[in-house]
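So the structure is just underneath, and the comments pick up after that.
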Amino acid sequence: MFAPLVAAEPDPAATGEPVAVQALALQCFLKLCCSPDFQMLLNQIRGKAVVFTGHSLGGAVAALTALHYLCISSSSSPPAPPVLCVTFGSPLLGNEALSRAILREHWGGNFCHVVSQHDVVPRLLFCSPDAVPAHIIVGMQLQQWPAWTRHTGAVSTVTAHMADTDKDVLRQLIQTHVGAVAVEQKLAASETTGGSPYRPFGTYVLCSPEGAACVDNPTAAVQMLYATFASQSSAGAESPEAAHSCYGELVLKMPHHLLLKRWLRVDDDMPATPNYDDGVSLALEASGIDVMAMEASTARHWLKTSKRAGRRPSLNCARLATQLGRVTPCRAQIEWYKALFDAEMGYYDAFKQRRSPRKYTKVNLNRIKLGQFWDRVLSMLDAGQLPHDFHRRAKWVNASRFYQLLVEPLDIADYHRHGHHLTSGSYMTHGRERRYELFDRWWHEKGCTGAGGGITSSMSAASASSRRRSKYAGLTQDPCFWARVEEAREQTESARRERDVAELAMKLEELQEFERYSRELVATKEVSVDVLAPQSSYTLWVEDWNQLKLRAQG
């Protein structure tokens, strides 16, 4: 149900804690999933752009539903349209592992959390469960994804009517647990001091009667939630009930605030400030914090931090574009190497047999350099240092695909030349680098046709393609084609020695399937000319296969 989120994390900084979510929200979601109406609605919206929304606990359930929809859509074909989840006054949903998993899947941009300045509920789960009085909060536990059948724990439930002393207790708890120390120190000490395990994700829209400010950095979101809440003490806070039910009015006012030309209130004797600082001051006022308030300094710092963090992925992307240009000569030299052997045996077999040792050494170094570059790209993407839609940008999808089609055959050749297929197993199941699997996924999500997902899907894609090539492709469009050829050659040799009739029939059927697949690729010109070179592994397999068929018929 949530397989992509519970997958092993590639982040080396990961603590190893399991992904966990708020217990009652999960229970409500699972109950909703069992409803026939929900399943019917899920089938109706599949393949369509969807907006999930909810208020309070309903917002947490809406977020879980959006995560479920994203999970089931991530492996669907064709790729799912845009998904957006907007919550209003929703409590925090999960722990840091969940926040990291959402970041890893690049889904942070799919979630927007609208929070009122005086609303207790979105901030309440920052408090340690042991610190909350039992008559105000009933149970406060996390529940792990795998524990589907457990029904222990409950969501933090604010009583419908609280005494003034209870309101003061809640405000004091939130101020103590959310903003008393720096977030980094709090996160590091949470496991030993009994702090809250809950962490935010997505974009937070911090609303006040003056407007709204957006924060999409999790650490900055924690501090801003504290600062906007703490600033209410000087202005007089509304009741928790009113603050938690004011979102309809806030939403109606948002267009007015967006159209309103606002002026910064400053004293005449204050020195002039840069436009950037003025913009931060306006954001402070829009979030409900007076620029002269005690909390303004901390909030100003975290707004700037969020701005820098939001700008950094774009800067990193620009730097990567420059670095991509610098490694282009490595790619060009491999292309030259390929052209050198196209007519004789193809660059796959030339590399596998180490023809022309000096050229082989140079190409091998270029292969390694390109692999290191793309591994750095994926490491930055996993760490959230690149834009959340990086893997959907045409420039990078096309560049990664070209690299994959050009270089993966060399990786396959290296794998078989060293005999890893004999000691470790098939390349496609035991030797393929993670980057190639991700690049396949990027290409698939782009909605492109072509081979790569398997023989059956490749044949279907090729057959369904309405555009027929007039000449052979520059690069074979199935990046694993040579791995399939190697398996076919091994299978042919095994069938030649097979004496059991049933086993032989099974192997011949598999070989016939590959023959149909490869002929389809050749007929549609989805292969490069090197595949048909006189001494290529594919040409040699065709000769061996024809001999085996004659022998079987005789």
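When reading the values below, keep in mind they use all heavy atoms of this one structure, side chains included, and skip hydrogens, waters and symmetry mates. The model shown is predicted, which means the values in this text are computed figures rather than measured ones.
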Verify whether one side chain among [X] and [Y] offers a donor that lies under 3.5 Å from an acceptor in the other.
X: Asn398; Y: Arg401; answer: no
X: Asp37; Y: Ser35; answer: no
X: Gln333; Y: Asn366; answer: yes

At their closest point, which heavy atom of [X] faces which heavy atom of [Y], and how far apart are they?
X: Pro91; Y: Leu57; answer: CD-N, 4.1 Å
X: Tyr415; Y: Gly431; answer: CE1-CA, 3.5 Å
X: Trp442; Y: Ser400; answer: CE3-OG, 3.6 Å
X: Phe38; Y: Leu32; answer: CB-O, 3.2 Å
X: Leu92; Y: Pro122; answer: CG-O, 3.8 Å
X: Ala25; Y: Val61; answer: O-CG2, 4.0 Å

- Asn110: what forms a side-chain contact (heavy atoms from CB on, under 4.5 Å) with it, not counting sequence neighbours? Leu70, Val83, Trp107
- Task: Could you list the residues that satisfy side-chain contact (heavy atoms from CB on, under 4.5 Å) with Leu103, not counting sequence neighbours?
- Result: none
- Check step by step if side-chain contact (heavy atoms from CB on, under 4.5 Å) holds for Phe373 and Arg326. CA-CA 10 Å; Phe373 168 78; Arg326 290 173 183 167; over 6 Å; no
- Given His106 and Leu381, is the side-chain contact (heavy atoms from CB on, under 4.5 Å) satisfied, shown in steps? CA-CA 8 Å; His106 318 298; Leu381 191 60; 3.0 Å; yes
Would you give the length of the straight line joining atom [atom1] of [X] to atom [atom2] of [Y], rounded to the nearest 0.5 angstrom?
X: Leu324; Y: Arg331; atom1: CG; atom2: CZ; value: 6.5 Å
X: Gln404; Y: Trp443; atom1: CD; atom2: CH2; value: 9.5 Å
X: Ser73; Y: His68; atom1: OG; atom2: NE2; value: 9.0 Å
X: Asp389; Y: Trp396; atom1: CG; atom2: CH2; value: 13.0 Å
X: Gln117; Y: Leu250; atom1: CD; atom2: CG; value: 10.0 Å
X: Glu249; Y: Cys207; atom1: CD; atom2: SG; value: 11.5 Å

- Message: Looking at Glu335, I'd like to know if its CD atom is crowded, meaning that more than 12 non-hydrogen atoms belonging to other residues, nucleotides or ligands lie closer than 6.0 Å.
- Response: yes
Students often mix this up, so state it plainly: with edges at 30° and 60°, are the rings of [X] and [Y] parallel, tilted or perpendicular?
X: His113; Y: Tyr204; answer: tilted
X: His55; Y: His244; answer: tilted
X: Tyr337; Y: Tyr347; answer: perpendicular

Would you say [X] and [Y] make side-chain contact, with heavy atoms under 4.5 Å?
X: Ile368; Y: Gln372; result: yes
X: Arg393; Y: Pro387; result: yes
X: Cys246; Y: His118; result: no
X: Glu408; Y: Phe439; result: no
X: Val531; Y: Tyr472; result: no
X: Asn316; Y: Leu320; result: no
X: Leu405; Y: Gln477; result: yes
X: Asp478; Y: Glu526; result: no

- May I ask you to decide whether Asp119 forms a salt bridge with Arg123, counting only side-chain N to carboxylate O separations under 4.0 Å? no
- Message: Is there a side-chain contact (heavy atoms from CB on, under 4.5 Å) between Tyr436 and Val407? Walk through the geometry before answering.
- Response: CA-CA 10 Å; Tyr436 295 133; Val407 177; 3.8 Å; yes
- Side chain Ser99, main chain Phe201, donor-acceptor under 3.5 Å: no
- Message: Consider side chain to side chain contact (heavy atoms under 4.5 Å, CB included). Of Thr203, Leu93, Leu67, which one does Phe111 pass it with?
- Response: Leu67
- Positive for salt bridge (charged side-chain N to carboxylate O under 4.0 Å, His left out) with Asp382, one of Arg100, Arg434, Arg435: Arg434
- Task: Determine, step by step, whether Cys330 and Ile334 satisfy the side-chain contact (heavy atoms from CB on, under 4.5 Å) criterion, reporting the C-alpha distance in whole Å, the side-chain angles of both residues, the deciding distance to 0.1 Å, and the verdict.
- Result: CA-CA 7 Å; Cys330 298; Ile334 296 178; 5.8 Å; no
- Item | Phe52: which of Phe88, Tyr69, Phe29 passes ring-ring contact (aromatic ring centres under 6.0 Å, His included) | Tyr69
